[in-house]
Amino acid sequence: MADRSDLDFTYSLTDRVFRLSMGELADFSCAKYDGDFSLSLEEAQRRKHRYVAEQIGIGPGRRLLDLGCGWGPLLDFVRRQGGIGVGVTLSSAQLESCRRHGLDVRLEDARRISRDSVGEFDAVASLGAFEHFCSLEDHRAGLQDEIYRRFFAAAADVLPEGGRLYLQTMVFGPTMPSPERIDIDALTASSLPPRGSDAWLLALLGRQFPGSWLPFGCEQVVRCAAPSFQLVSSSNGRLDYVETITQWNARIGKPSLQKSALKLMLVPRWLTSRDFRLAFTSGVSANKVCFERELLDHWRLVFEKPASAPEIQARGD
């Protein structure tokens with residue numbers, strides 16, 4: 001999976017710029033517009049938090065585990081609802097930011113949590129972290145399904161019978177080539193595919209999110225969850241993600257002296273790392289275009305641990 005250094009490259013390196021653009025409790029996962037794009041980004045993010053709360057039962061006294069908690073927006077929502085939230089992240093910058101705001105967050109691998117390590121919870125949520133759980137190397141080694149099954153087993157381990165998991169994730173979309181037709185060498189080579197091509201966009205994404213490889217549609221996710229969870233509901237958020245990225249880009253691009261100073265601090269990295277230049281200065285919002293072309297898709301999935309579920313073995317490498 002994406003390890004701590006990979007996630008620090010993606011999230012910690014741009015931490016202060018993102019918080020200056022989005023706010024201290026920045027939400028770096030898809031908002032929920034439900035077709036009403038007149039909503040502000042903040043309104044759509046609040047709508048998402050309310051939806052998550054309704055689906056998995058967040059409320060006073062209820063314990064939520066947020067796997068890949070980012071800068072803590074869902075944990076803050078839980079706190080304001082009178083609940084108890086615990087988060088895990090592999091980004092050191094996100095950890096420090098969350099703790100500055102009094103949130104209970106640990107530097108830990110979301111795939112390897114267990115009842116022994118974090119305790120028991122009434123519900124689990126994971127918004128945008130699942131896409132980092134499998135690496136390209138894992139996929140090539142045929143480990144993708146097993147990695148996902150182990151994650152679901154770990155999540156089920158901390159829940160009671162009937163406990164729910166909310167999972168929000170990017171996946172490869174309907175226009176993405178099938179696994180056997182993907183030219184992986186073209187995506188990872190030093191000489192990139194032709195500019196503007198689908199392969200070029202995917203190669204840029206690989207530089208922005210090193211160590212990460214997506215599931216092939218929500219079908220793969222649901223299939224891998226089946227030994228531990230039953231699917232309660234699913235909904236597609238691709239168009240919501242296009243709008244969310246549009247709003248993010250507008251805010252990040254809005255000039256300020258503080259952001260300009262912070263960007264200047266990244267110049268040494270820009271000069272010494274070709275991958276960094278490709279990831280952040282291509283002039284193209286690769287993820288937005290990939291959603292528009294349906295190379296990427298986005299799903300909101302609600303799972304429930306069956307009452308008759310056998311004891312689940314969540315531990316292991």
Side-chain angles (χ1 to χ4, degrees), residues 1 29-30 32 48-69 74-75 77-78 81 83-88 108-134 138 142-171 214-237 297-317:
M1 68 170 289
S29 63
C30 180
K32 197 169 192 295
K48 176 184 68 183
H49 297 152
R50 289 194 296 269
Y51 175 76
V52 175
E54 293 167 359
Q55 294 300 309
I56 62 177
I58 294 173
R62 300 272 291 176
R63 286 175 53 81
L64 171 80
L65 179 63
D66 187 355
L67 298 174
C69 64
L74 184 61
L75 294 175
F77 176 85
V78 171
Q81 298 300 307
I84 302 162
V86 176
V88 301
E108 194 165 343
D109 185 339
R111 298 183 314 165
R112 291 183 169 84
I113 55 94
S114 69
R115 195 178 309 171
D116 292 337
S117 67
V118 295
E120 297 182 34
F121 293 85
D122 299 298
V124 175
S126 185
L127 285 70
F130 193 81
E131 49 230 36
H132 300 302
F133 289 168
C134 178
D138 292 330
L143 299 174
Q144 193 164 14
D145 278 7
E146 178 61 21
I147 287 168
Y148 295 154
R149 283 194 294 267
R150 286 186 177 274
F151 163 75
F152 285 114
D157 187 47
V158 305
L159 287 171
E161 293 181 347
R164 288 191 171 188
L165 162 68
Y166 176 83
L167 182 71
Q168 182 169 299
T169 187
M170 294 163 51
V171 300
L214 298 179
F216 288 85
C218 72
E219 296 82 6
Q220 183 178 17
V221 181
V222 173
R223 183 182 72 246
C224 293
S228 304
F229 288 98
Q230 60 189 17
L231 180 67
V232 175
S233 69
S234 62
S235 60
N236 186 279
D297 212 342
H298 180 263
W299 285 91
R300 305 178 180 103
L301 305 168
V302 181
F303 295 100
E304 185 170 290
K305 181 176 176 178
S308 59
E311 279 297 312
I312 296 165
Q313 179 56 258
R315 298 166 184 81
D317 296 331

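For the single chain, residues carry numbers from 1 onward in sequence order.
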Using a 6.0 Å distance limit plus a 45 degree cone around the ring axis, check whether K32 lies over the aromatic ring of Y51.
yes
Determine whether the aromatic ring centres of F152 and F130 lie less than 6.0 Å apart.
yes
How long is the gap from CD on Q81 to CD1 on I58, to the nearest 0.5 Å?
8.0 Å
Note: C30 and G237 closest approach over all heavy atoms is SG-O, 3.9 Å
Specify the closest pair of heavy atoms between P227 and R149, including all atoms of both residues, with the distance to one decimal.
CG-CD, 4.2 Å
R300 side chain near S234 side chain, heavy-atom distance below 4.5 Å:
no
Ignoring hydrogens and geometry beyond distance, is a side-chain donor-acceptor pair present between Q220 and D145 at under 3.5 Å?
yes
If you draw the axis of the six-membered ring of F121, does the NZ or CZ of R63 fall within 45° of it and under 6.0 Å from the ring centre?
yes
If you round to the nearest 0.5 Å, how far is CG of D157 from CD1 of I113?
7.0 Å
Between R164 and E304, does at least one N-O distance fall below 4.0 Å, as a salt bridge requires?
yes
Taking side chain as C-beta onward, heavy atoms only, is K48 less than 4.5 Å from S29?
yes
Taking the side chain as everything from C-beta on, heavy atoms only, tell me whether L301 gets closer than 4.5 Å to V221.
yes
Taking all non-hydrogen atoms of both residues, which atom of A110 and which atom of G68 are closest, and how far apart?
CB-N, 4.4 Å
Between the CD atom in Q144 and the CZ atom in F133, the distance rounded to the nearest 0.5 Å is 12.5 Å
Pairwise distance CH2(W299) to CD(Q168) - rounded to 0.5 angstrom:
12.5 Å
Check whether any side-chain heavy atom of L65 sits under 4.5 Å from a side-chain heavy atom of V118, and report yes or no.
yes
Run the numbers on L64 and L74 for side-chain contact (heavy atoms from CB on, under 4.5 Å), then give the verdict.
CA-CA 10 Å; L64 171 80; L74 184 61; 3.9 Å; yes
Minimal heavy-atom distance between F151 and R111, with the atoms involved, is CD1-CA, 4.3 Å
Can you find a heavy atom in the side chain of V124 that is under 4.5 Å from one in the side chain of L159?
yes
Classify the side-chain pair E146/Y148 by whether it contains a donor and acceptor separated by less than 3.5 Å.
no
Heavy-atom check, side chain of E120 versus side chain of V158, under 4.5 Å
no
If you apply the rule side-chain contact (heavy atoms from CB on, under 4.5 Å), what do you find for L165 with F229, and how did you get there?
CA-CA 9 Å; L165 162 68; F229 288 98; 4.0 Å; yes
How many angstroms lie between SG in C218 and CG in N236, if you round to the nearest 0.5 Å?
8.0 Å
Looking only at heavy atoms, the pair that brings I56 and A125 closest together is CD1-CB, 4.2 Å
Of the non-hydrogen atoms in S117 and E108, which two are nearest, and what is the gap between them?
OG-OE2, 3.5 Å
Report the distance from atom NE2 of H49 to atom CG of L127, rounding to the nearest 0.5 Å.
7.0 Å
